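Positions are given from 1 along the sequence. Since this is a predicted model, take the numbers as computed values, not measurements. Because only heavy atoms are used, hydrogens play no part in the values below, and waters and symmetry mates are left out as well, while side chains stay in.
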Amino acid sequence: MAGVVPPETAKAAAAAAAAASAEQAAPEKVDYMNLPCPIPYEEIHREAMMSLKPDLFEGFRFDFTKGLNPQFALSHSVSMGVAEIPSQSSETIKIPTAQYEFGVNFMDPKLMLFGRLLTDGRLNARAKWDLTDNFSFKANGLLTSEPHMSHGMFNFDYKGSDYRAQFQAGSGALFGANYIQSVTPHFSLGGEVFWAGQHRKSGIGYAARFSTDKMVATGQVASTGMVALSYVQKVSEKVSLATDFMYNYMSRDATASVGYDYLLRQSRLRGKIDSNGCVAAFLEERLNMGLNFILSAELDHKKKDYKFGFGLTVGQ
């Protein structure tokens with residue numbers, strides 16, 4: 001009779017459906033020979049830092065960048081604000097200050113050079129050179145007329161298929177090394193060691209990171225006493241919430257903070273509040289192509305310290 005399914009066909013279809021359902025329900029097997037490469041060890045808190053540690057400033061700031069060709073650009077920066085002076089009292093002593101900064105940028109697919117010269121005589125320089133697809137060299141330095149304030153640092157980075165390794169050497173007989181390894185597609189573990197010969201101090205640390213498309217959780221502990229935990233939840237494509245906890249088991253100091261990162265059509269708003277009662281917000285508004293307006297605010301009611309800043313950024 002037309003429309004009647006034979007029992008054998010029905011049983012075969014049911015068995016196929018059950019097998020497909022079981023295959024979907026079974027956990028995905030991890031290919032440990034093809035794990036992704038983790039992010040660098042020093043950037044394991046990257047998402048939390050983007051939300052909770054914006055570039056806050058006080059006063060006025062104007063940044064102008066002019067590209068001379070696809071690789072070479074000049075930058076000019078003017079800032080007017082205050083400098084904080086340490087004092088014995090709870091109140092913060094502020095002295096008005098202003099400075100101009102001239103910068104030179106060179107960007108190539110394998111070589112990047114950045115230089116900054118300030119009116120107070122300081123010279124900052126950074127370089128990154130990709131020697132191969134897996135091996136790169138980084139250097140940064142500060143030259144100043146102040147005694148014992150100039151320093152330099154050199155990093156040698158190696159990027160493997162599922163791990164990263166770094167060796168550091170700096171002024172003051174500073175040496176360090178770190179290593180991070182992907183354990184699963186979403187979980188990575190790492191460690192670091194360092195030796196500061198000038199201060200006769202050494203240390204060791206460990207870190208862990210778990211990340212998916214919707215969240216990132218990290219933890220870090222070091223023999224110096226530092227414990228750092230962070231968690232970032234991606235609510236939507238435009239909204240992220242973040243929290244972190246910092247604790248020093250030697251000094252018994254602890255700080256926790258919660259914040260947000262909100263992307264609008266032409267602006268980005270970030271803010272946070274911490275356990276010390278400090279509230280901060282940072283707004284970047286794109287007024288036009290190559291023209292951004294910046295607002296910065298930080299309110300510390302406990303210390304009676306209030307910082308407000310606004311600025312303009314011109315150029316790419």
Under 3.5 Å, which donor-acceptor pairs do the side chains of residues 226-240 form with other protein atoms, sequence neighbours left out?
{"from": "Ser230", "atom 1": "OG", "to": "His45", "atom 2": "ND1", "distance (Å)": "3.2"}
{"from": "Ser230", "atom 1": "OG", "to": "Thr218", "atom 2": "OG1", "distance (Å)": "2.3"}
{"from": "Tyr231", "atom 1": "OH", "to": "Gln233", "atom 2": "OE1", "distance (Å)": "2.5"}
{"from": "Gln233", "atom 1": "NE2", "to": "Lys214", "atom 2": "O", "distance (Å)": "3.2"}
{"from": "Ser236", "atom 1": "OG", "to": "Lys238", "atom 2": "N", "distance (Å)": "3.3"}
{"from": "Ser236", "atom 1": "OG", "to": "Val239", "atom 2": "N", "distance (Å)": "3.3"}

- Quick one: does Phe210's side chain get under 4.5 Å of Met215's, heavy atoms only? yes
- Query: Hey, are Asp157 and Gln166 close enough side-chain-wise for a donor-acceptor pair under 3.5 Å?
  - Reply: yes
- Message: Donor-acceptor pair, distance only, cut-off 3.5 Å: does the side chain of Glu101 make one with the backbone of Thr119?
- Response: no
- Minimum side-chain heavy-atom gap Arg122-Gln99 below 4.5 Å: yes
- Step through it carefully: locate the ring centre of Tyr41, locate the ring centre of Tyr179, and say whether they are under 6.0 Å apart. no
- Item | Side chain proximity check, Asn134 to Tyr158, heavy atoms < 4.5 angstrom | yes
- Run the numbers on Lys110 and Asp133 for salt bridge (Lys or Arg N to Asp or Glu O under 4.0 Å), then give the verdict. CA-CA 9 Å; Lys110 290 188 175 295; Asp133 293 338; 3.8 Å; yes
- Task: Look up atom CG in Asp300 and atom SG in Cys278, then write down how far apart they are to the nearest 0.5 Å.
- Result: 4.5 Å
- Message: Any heavy-atom pair between the side chains of Val314 and Phe62 that's under 4.5 Å?
- Response: yes
- Residues in salt bridge (Lys or Arg N to Asp or Glu O under 4.0 Å) contact with Arg46, at least two apart in sequence or another chain: Glu43
- Note on the structure: Interatomic distance, OG1@Thr224 vs NZ@Lys201, rounded to 0.5 Å, equals 9.5 Å
- Message: Quick check on the hydrophobic clustering: are Met107 and Leu131 connected, directly or via other members, by side-chain heavy-atom contacts under 4.5 Å?
- Response: no
- Message: Go through it in stages, so that I can follow the logic: the residues are Leu118 and Phe102, the test is side-chain contact (heavy atoms from CB on, under 4.5 Å), and I'd like the CA-CA distance, side-chain angles, deciding distance and then a yes or no.
- Response: CA-CA 7 Å; Leu118 286 77; Phe102 174 73; over 6 Å; no
- Message: What I want to check is whether the side chains of Ser251 and Asp253 have a donor and an acceptor closer together than 3.5 Å.
- Response: yes
- Message: If you apply the rule salt bridge (Lys or Arg N to Asp or Glu O under 4.0 Å), what do you find for Asp244 with Lys272, and how did you get there?
- Response: CA-CA 11 Å; Asp244 71 347; Lys272 71 164 187 175; over 6 Å; no
- Message: So Val258 and Leu241, do their side chains get closer than 4.5 Å, heavy atoms only?
- Response: no
- Query: Is it true that a side-chain atom of Asn248 and a backbone atom of Arg252 form a donor plus acceptor pair closer than 3.5 Å?
  - Reply: no
- Message: Is it true that, when you exclude Arg116 itself, more than 12 heavy atoms of the residues, nucleotides or ligands shown sit nearer than 6.0 Å to its CZ?
- Response: yes
- Query: Got more than 12 heavy atoms from elsewhere within 6.0 Å of CZ, Phe308?
  - Reply: yes
- Message: Quick one about Ser77 and Asp63 (side-chain donor to acceptor, distance below 3.5 Å, no hydrogens or angles considered), yes or no?
- Response: yes
- Report the C-alpha separation of Leu111 and Lys128 in whole Å, then their side-chain angles, then the decisive distance to 0.1 Å, and conclude whether the side-chain contact (heavy atoms from CB on, under 4.5 Å) test is met. CA-CA 6 Å; Leu111 178 64; Lys128 183 178 184 296; over 6 Å; no
- Task: Mark yes or no for whether Arg270, through its side chain, and Ser51, through its backbone, hold a donor-acceptor pair below 3.5 Å.
- Result: no
- Hey, would you say the Tyr306 and His301 ring centroids sit under 6.0 Å apart? yes
- So, the side chain of Asn69 versus the backbone of Phe72: is there a donor-acceptor pair under 3.5 Å, distance only? yes
- Side chains of Asn292 and Glu285: donor-acceptor distance under 3.5 Å anywhere? no
- Query: Side chains of Lys307 and Lys94: closer than 4.5 Å at any heavy-atom pair?
  - Reply: yes
- Is the shortest side-chain N to carboxylate O distance from Asp55 to Arg61 below 4.0 Å? yes
- Determine, step by step, whether Tyr100 and His76 satisfy the side-chain contact (heavy atoms from CB on, under 4.5 Å) criterion, reporting the C-alpha distance in whole Å, the side-chain angles of both residues, the deciding distance to 0.1 Å, and the verdict. CA-CA 7 Å; Tyr100 165 75; His76 308 269; 2.7 Å; yes
- Between Phe310 and Phe60, does the ring centroid distance fall short of 6.0 Å? yes
- Item | Within 6.0 angstrom of Trp195 CH2, more than 12 heavy atoms from elsewhere | yes
- Query: Just by distance, do the side chain of Ser150 and the backbone of Thr144 share a donor-acceptor pair under 3.5 Å?
  - Reply: yes
